[in-house]
J.: 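Got a structure for you, written out below as structure tokens; questions coming shortly.
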Protein chains: 2
Amino acid sequence: MNIGDVSARTGLPAKTIRYYEDIGLVKPLRDNNGYRVFRSQDVHKLNFLGRARALGFTIEDCRTLMALYEDETRASADVKKVARAHLAQIEAKIADLNAMRDTLGHLVDACAGDDRPDCPILQDLGGNP
Amino acid sequence: MNIGDVSARTGLPAKTIRYYEDIGLVKPLRDNNGYRVFRSQDVHKLNFLGRARALGFTIEDCRTLMALYEDETRASADVKKVARAHLAQIEAKIADLNAMRDTLGHLVDACAGDDRPDCPILQDLGGNP
DNA sequence: CTTGACCTTCCCGTGACTGGAACCCCCATT
DNA sequence: AATGGGGGTTCCAGTCACGGGAAGGTCAAG
């Protein structure tokens, strides 16, 4: 299978697939003409990577998770550890964003949004309590 | 005032302040020895930028907001527009992250986290429904 | 034989900084 | 006068996970 087909099948852009090869996440074969040739196991890996990335795992996490996936003797504790660390990061980010949303939401609500210059948003940014 | 003092006063790293000068957000004077000299209005601007960045505004948004801040004839509608667009982005990101958290949370809960290899997290990433 | 859709590599750009090297400046102490 | 330390300066490279685009090779159809 060529990269275009794999892209269609996995939903990953061809650029991304090439990048994943570059950094050693997937190792397709090569045809005589230099084209990449993907086996079904490569497609499977790429789907795995796509799902892991969609859950927000970093590339390095993906590498770790792939290694665990392929290690039949893994301990699920190792997987869970990676996932829980990532979950904690997600939750931290959600908390940050919620704080921003609250502050910004109040400011937006307080702003008249008309053609006059008075603006609580700018007042807040300018340091007015 | 030198950059170290400004850094202490604004909480922004000196590197960041230099970067902000680089991209034209702030224009400190220069002493004979080449040192940057910050006036109180520069410090004020930097505080403004720090607060805007803390609310997650992009640098380009900050540039826009600063311009509005300094424009006495602004319409608050223009400020509100920028803020609302950013708020929408924040909310979209929160929604994404909440979805990730929910999925990942369930998977983590379902994972035994022991020394056996069976792992619902990897099963899900591997494409098992 | 040509067209057009693929494929290849390579290099640059993204956003908002951060780290580090190499060097200058000023003040205080020995 | 030399030295040491704590400022400051510039510039270059790296981050993360790609995306855009150029320049060129390959393949199947008309």
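Each chain gets a letter, A, B and so on, in the order the sequences are listed, and its residues count up from 1. Both backbone and side-chain heavy atoms feed into the values below; hydrogens, waters and symmetry mates do not. For clarity, every value in this text was computed on a predicted model and none was experimentally measured.
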J.: Distance check needed: dG7(D) P versus Ile17(B) CD1, whole Å only.
T.: 14 Å
J.: Would you call Arg53(A) and Phe48(A) a side-chain contact if the rule is heavy atoms closer than 4.5 Å?
T.: no
J.: Just the rounded figure in Å: distance from C1' of dC12(D) to CG of Asp22(B).
T.: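 About 13 Å, once rounded to whole Å.
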J.: Please give, in whole Å, the distance from dA28(D) P to Asp31(A) CG?
T.: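 Going from Asp31(A) (CG) to dA28(D) (P), I get 10 Å.
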J.: Using heavy-atom distances to pick each residue's nearest nucleotide on DNA chain C, tell me which of Lys15(A) and Asn2(A) is more 5'.
T.: Asn2(A)
J.: Does Asn33(B) make a side-chain N or O approach to OP1 or OP2 of dT9(D) shorter than 4.0 Å?
T.: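 False: Asn33(B) side-chain N/O out of range (4.0 Å or more) of dT9(D) OP1/OP2.
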J.: Please tell me if the side chains of His86(B) and Thr58(B) come closer than 4.5 Å, counting only heavy atoms from C-beta onward.
T.: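 A side-chain contact is absent here, since even the closest heavy-atom pair is not under 4.5 Å.
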J.: Expressed in angstrom and rounded to an integer, what is the separation of Arg18(A) atom CZ from dA17(D) atom C1'?
T.: 16 Å
J.: Could you tell me whether the side chain of Tyr35(B) has a donor or acceptor atom within less than 3.5 Å of a complementary atom in the base of dG7(D)?
T.: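 Donor-acceptor pair under 3.5 Å: yes.
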J.: For chain B and DNA chain C, what are the first and last nucleotides along the strand, 5' to 3', with at least one atom under 4.0 angstrom from a heavy atom of the protein chain?
T.: dA16(C) to dC26(C)
J.: With a 4.0 Å cutoff (strictly under), does any side-chain N or O of Arg36(A) reach OP1 or OP2 of dT26(D)?
T.: no
J.: Under 4.5 Å between side-chain heavy atoms, hopping through other hydrophobics if needed: is there a path connecting Tyr35(B) to Val6(B)?
T.: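 No, no single cluster joins them.
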